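Here's the structure we're looking at; comments come further down.
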Amino acid sequence: MRIILNGKKAGLPAVRDAIECARQQGEVEVRVTWEGGDVARLVDEAIAEGCDRLVAGGGDGTVNELAAALMGHPEASRPELAILPLGTANDFARGCGIPDDLNEALTLARSGNAVAVDLVKANERHFINMATGGFGAQITATTPTALKHFMGGGAYTLNGLLQALRFSPYEGTLETPHGSLKAAAIVGAIGNGCQAGGGQVLCPNARINDGLLEVVALLAFPATALEQVISEIRAPGPDNQYVKWMQAPWAEYRGEDPTPINLDGEPISARCVRFEVCPDAIRLVVPNDCPLLSPSAE
């Protein structure tokens with residue numbers, strides 16, 4: 001078992017203690033990142049050296065980097081992936097039910113079962129948890145507290161937030177196998193996992209092994225429809241007027257202007273993005289009762 005450890009976490013006493021404890025149960029190798037590109041290089045080295053299980057030691061960004069790096073190799077040569085959650089939010093790990101306790105997480109990483117799970121390709125990039133676009137992506141870097149309140153269902157603050165930020169919805173078209181939706185969107189989420197933004201469940205029906213994306217979009221609405229929007233946020237559905245919900249193996253967004261998008265927290269800006277599921281892309285170590293596994297697909 002080889003841990004690829006975010007260099008910012010390498011000196012933490014709790015991390016060092018947990019790794020030393022894990023070494024009492026068997027061999028544990030550690031490789032520490034220092035700068036951009038290290039994760040991909042370390043994954044290359046691990047595969048060349050025959051490592052069969054890697055551990056992402058870090059937050060959601062580290063998990064994303066390792067998963068994306070694995071996709072650069074033939075499927076047959078990809079090691080299994082486990083997670084040692086060391087980030088602030090750890091949205092993907094928590095969604096999977098991976099323990100916050102470092103000793104418990106490393107025990108799972110060593111002895112847990114690996115299952116085939118999906119990744120999502122966004123143009124030429126990959127993500128494992130969620131993409132968010134529009135309003136949420138725009139304010140993540142500047143007002144994370146407001147984002148959490150809004151995305152967490154605090155829709156009573158929505159009207160005030162939009163006025164304060166003078167937010168202009170993004171005009172665009174969303175294509176899926178279900179058809180075409182042309183609208184002005186405030187925020188959208190494409191989920192493989194279910195939560196982002198520090199524990200906010202945006203895609204409650206998303207599963208990591210069902211071959212589907214969960215697509216949720218909040219469309220522009222008049223102030224007089226606020227009560228209806230609040231109701232629809234609590235129960236998103238395909239027939240809603242303002243909070244649209246659907247599941248599909250792919251979705252393509254085309255905007256009139258570049259739209260800010262976060263892929264597992266990594267920002268990009270694009271006028272056109274095609275999201276497509278990569279079924280059974282990697283093998284991920286999760287608890288036996290992982291809530292993000294679809295029973296019908298196990």
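Only a predicted model underlies this, so the values are computations on that prediction, with no experimental measurement involved.
Proximity of Val32 to Trp34: side-chain heavy atoms (C-beta onward) are nowhere separated by under 4.5 Å. The shortest distance between side-chain heavy atoms of Val215 and Trp245 does not fall below 4.5 Å. For the pair Arg274 and Asn123, the minimum side-chain heavy-atom distance is below 4.5 Å. Using a 4.5 Å heavy-atom cutoff, the side chains of Arg283 and Arg78 are not in contact. Side chains of Asn192 and Asn129 form no contact here, defined as non-hydrogen atoms less than 4.5 Å apart. Taking the side chain as every heavy atom from C-beta outward, Ile261 and Pro267 never approach each other to under 4.5 Å. Counting heavy atoms from C-beta on, the side chains of Ile83 and Leu66 never come closer than 4.5 Å. Taking 4.5 Å as the limit, every side-chain heavy atom of Arg31 sits out of range of all side-chain heavy atoms of Leu5.
The backbone N or O of Gln247 sits nowhere less than 3.5 Å from a side-chain atom of Glu214 that would complete a donor-acceptor pair. With Glu29 contributing its side chain and Met1 its backbone, the two residues share no donor-acceptor pair below 3.5 Å. Here the side chain of Thr107 pairs a donor or acceptor atom with the backbone of Asn103 at under 3.5 angstrom. Looking only at distances, a side-chain donor or acceptor of Asp118 sits under 3.5 Å from a matching main-chain atom of Gly211. Remark: the backbone N or O of Gly199 is paired with a side-chain donor or acceptor of Asp91 at under 3.5 angstrom. Asn262 places no side-chain N or O within donor-acceptor distance of the main-chain N or O of Ile268, the cut-off being under 3.5 Å. Judged purely by atom type and a 3.5 angstrom limit, Thr33 has no side-chain atom pairing as donor or acceptor with the backbone of Glu35. Of the possible donor and acceptor atoms, none in the side chain of Asn90 sits under 3.5 Å from a partner among the backbone N and O of Ala93. Between the Asn64 side chain and the Asp264 main chain, no donor and acceptor come within less than 3.5 Å of each other. Between the side chain of Ser294 and the backbone N or O of Asn209 there is no donor-acceptor pair closer than 3.5 Å.
Between Ala40 and Ala69, the closest heavy-atom pair is CA-CB, 4.0 Å. Nearest heavy atoms, Ala248 versus Thr176: CB-CB, 4.4 Å. Between Cys290 and Cys96, the closest heavy-atom pair is SG-O, 3.3 Å. Ala206 and Gly193 make their closest contact through CB-O, 3.3 Å (heavy atoms, listed as atom of the first residue, atom of the second, distance). Residues Met130 and Cys203 come closest through the heavy atom pair CE-SG, 3.9 Å. Residues Gly57 and Thr62 share a closest heavy-atom pair of O-CG2, 4.0 Å.
In the hydrophobic clustering of ILVMFWY residues, with side-chain heavy atoms under 4.5 Å counting as a link, Leu108 and Leu284 come out together. Taken together through direct or relayed side-chain contacts under 4.5 Å among Ile, Leu, Val, Met, Phe, Trp and Tyr, Ile4 and Leu102 form parts of separate hydrophobic clusters. Residues Leu84 and Leu292 do not share a hydrophobic cluster, clusters being chains of Ile/Leu/Val/Met/Phe/Trp/Tyr side chains in contact below 4.5 Å. By the rule that hydrophobic residues join a cluster once side-chain heavy atoms approach within less than 4.5 Å of another member, Val277 and Phe127 end up as members of one cluster. Val273 and Leu212 are assigned to two separate hydrophobic clusters, defined by single-linkage of ILVMFWY side chains at heavy-atom distances under 4.5 Å.
Of the N and O atoms on the side chains of Gln228 and Glu232, at least one donor lies less than 3.5 Å from an acceptor on the other residue.
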Practice task
Show your working on side chain to side chain contact (heavy atoms under 4.5 Å, CB included) between His126 and Leu70 and close with a plain yes or no.
Solution key: CA-CA 10 Å; His126 292 87; Leu70 290 174; over 6 Å; no
Exercise for the section: Check the pair Val117 / Asp280 against side chain to side chain contact (heavy atoms under 4.5 Å, CB included), numbers first and verdict last. Expected result: CA-CA 5 Å; Val117 303; Asp280 299 337; over 6 Å; no
Exercise for the section: Any chance you could lay out the side chain to side chain contact (heavy atoms under 4.5 Å, CB included) test for Leu119 and Ile282, step after step, and finish with the verdict? Expected result: CA-CA 8 Å; Leu119 263 64; Ile282 63 171; 3.7 Å; yes
Handout entry: Residues Phe221, Ile186; criterion side chain to side chain contact (heavy atoms under 4.5 Å, CB included); working and verdict
Key = CA-CA 9 Å; Phe221 62 91; Ile186 296 172; 3.8 Å; yes
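Distance check, rounded to the nearest 0.5 Å: CZ of Phe275 to CG of Leu213 gives 8.5 Å. Within the model, atoms OH of Tyr253 and CZ of Arg271 stand 10.5 Å from one another, a figure rounded to the nearest 0.5 Å. Distance check: Lys244 NZ to Leu218 CG gives 11.5 Å after rounding to the nearest 0.5 Å. If you take CG on Leu106 and CD on Gln25, they are separated by 11.0 Å, rounding to the nearest 0.5 Å. Expressed to the nearest 0.5 Å, how far CG of Asp60 lies from CD of Gln195 amounts to 8.5 Å. Taken to the nearest 0.5 Å, the CD atom of Glu75 stands 9.5 Å off from the OG atom of Ser77.
Between Asp44 and Arg41 there is no salt bridge, since none of the side-chain N atoms of the basic residue sits less than 4.0 Å from a carboxylate O of the acidic one. Between Glu175 and Arg254, at least one side-chain N (NZ, or NE/NH1/NH2) sits under 4.0 Å from a carboxylate O, which counts as a salt bridge.
No more than 12 heavy atoms of other residues, nucleotides or ligands shown are found within 6.0 angstrom of CZ on Arg16.
Taking Glu80 as the reference, Arg53 meet the side-chain hydrogen bond (donor to acceptor under 3.5 Å, both in side chains) condition, with sequence neighbours excluded.
Arg2 pairs in a side-chain hydrogen bond (donor to acceptor under 3.5 Å, both in side chains) with only one of the listed residues (Glu45, Glu27, Glu49), which is Glu49.
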